[in-house]
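A short worksheet on the structure shown next.
Here, residue 1 is the first one in the sequence, and each next residue gets the next number.
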Amino acid sequence: MSMADITVRGAGVFGLSVAWECLRRGAKVRVIDTRGVGAGSSGGVVGALAPHVPENWNPKKAFQLESLLAAEAFWAAVKTTGGVDPGYARTGRVQPVVPGGEALARAREAGAAELWQGRASWQVVDHAPAFAPLSETGLWVHDTLTARLHPARACAALAAAITAAGGEVLTGEAEAQGRVVWATGAEGLAALSADLGKTVGAPIKGQAALLHFSAPEAAQLFADGLHVVPHADGTVAIGSTSEREFDGLETDAQLDALIEKAANLVPLLHGAPVVKRWAGLRPRARSRAPMLGAWPGRDGHYIANGGFKIGFGMAPGVARVMADLVLDDRDSIPQGFRVEDSL
């Protein structure tokens, strides 16, 4: 390949998505990751592309909405170009209405009708599919905006699309060429903190599991802080923990408790075999929003980090605004998402 216009360091979902968008706009792109595609937190199993609640509207929620609405076309183009299925489907989400929560749920129903542009709904229903969490109230919320994908396969699909379209995806050490986007996850937050002399974010350990249970067309579930995500391959993902303090990256009793909790919330999962246990460090920026923009004091270097729990859902939007900045020097990053917001 001739000299790259853009080098992306980090082959997680942010780095690969930014590289893909730059490539689609005609740039020559090189992706470098010392450990390989999806080796960090993006190589997980859950893949819940779920919206924030439709209330107290702000730039972060508006940006996420546009990104979720753009996801179907984004992932379809990735699949078509590279020939690898990311496991994307907009299957919706079901969650129980808790005791005393009906009024709030119905207020959010009205909020979604106003804020989601008629392109998705949030409805309170008195019936649910067989694959659903228990509800003490006999009521559930069903939204049609939520989607799912398989994280590790989505990263593989992006890498295949980039390669098929003429870009490079390299594992190990390689030379950076042109402008450089740093999308290096938890390690990148530590490097940026050291460079700037202040903490800009921290790793949060998450543990999750895959169960053998086939419900490929079912909506994903959210109950008592737990995501339950049916995938197309006959597995169901459950997760995840959020551990600020941890000792190592092994899975442990906290994941056992999560698996038991899932079976109690969704009786159909009782006895489902565990086929994979996963743990990783997710990058949480100080602002809790994605951290996007120029690296302060390093001309020609940029940051795309802090995806934490919403990275895959935000990826199409992050790719768009970072390509605007890196290729065209056009700053379309929304309020609250800038590097400076975490300083």
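Using a 4.0 Å cut-off between a side-chain N of Lys or Arg and a carboxylate O of Asp or Glu, D5 and R179 do not qualify as a salt bridge. The pair R298-D195 does not count as a salt bridge, with every side-chain nitrogen at least 4.0 angstrom from each carboxylate oxygen. Between D143 and R93 there is a salt bridge, since at least one side-chain N of the basic residue sits less than 4.0 Å from a carboxylate O of the acidic one. In summary, D256 and R277 engage in a salt bridge, as defined by a charged side-chain N under 4.0 Å from a carboxylate O. Looking at R286 and D341, no side-chain N of the basic residue comes within less than 4.0 Å of a carboxylate O on the acidic one, giving no salt bridge.
For the pairing with S240, the side-chain hydrogen bond (donor to acceptor under 3.5 Å, both in side chains) check across K309, H227, R282 returns one residue only, R282.
Q95 and Q220 share no side-chain donor-acceptor pair at under 3.5 Å.
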For side-chain hydrogen bond (donor to acceptor under 3.5 Å, both in side chains), just list the numbers for Q117 and E66, CA-CA rounded to whole Å, side-chain angles, deciding distance to a tenth of an Å, and then say yes or no.
CA-CA 10 Å; Q117 306 170 13; E66 291 302 320; 2.8 Å; yes
Quick one: do R153 and D85 satisfy salt bridge (Lys or Arg N to Asp or Glu O under 4.0 Å)? Show the steps, please.
CA-CA 7 Å; R153 293 176 189 170; D85 188 352; over 6 Å; no
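The shortest heavy-atom contact between C22 and L327 is CA-CD1, 3.9 Å. The minimum heavy-atom distance linking G172 with I32 is given by the pair O-CG2, 3.4 Å.
Side chains of L325 and I333 form a contact here, defined as non-hydrogen atoms less than 4.5 Å apart. Inter-residue side-chain proximity for T241 and L255 is flagged as unmet; no heavy-atom pair is nearer than 4.5 Å.
Using a 30° and 60° split on the angle between ring planes, F213 and F131 fall in the parallel class, below 30°.
Dense packing is recorded around CG of D329, with more than 12 heavy atoms of other residues, nucleotides or ligands lying under 6.0 Å away.
At least one donor-acceptor pair closer than 3.5 Å links the side chain of S67 to the backbone N or O of G317.
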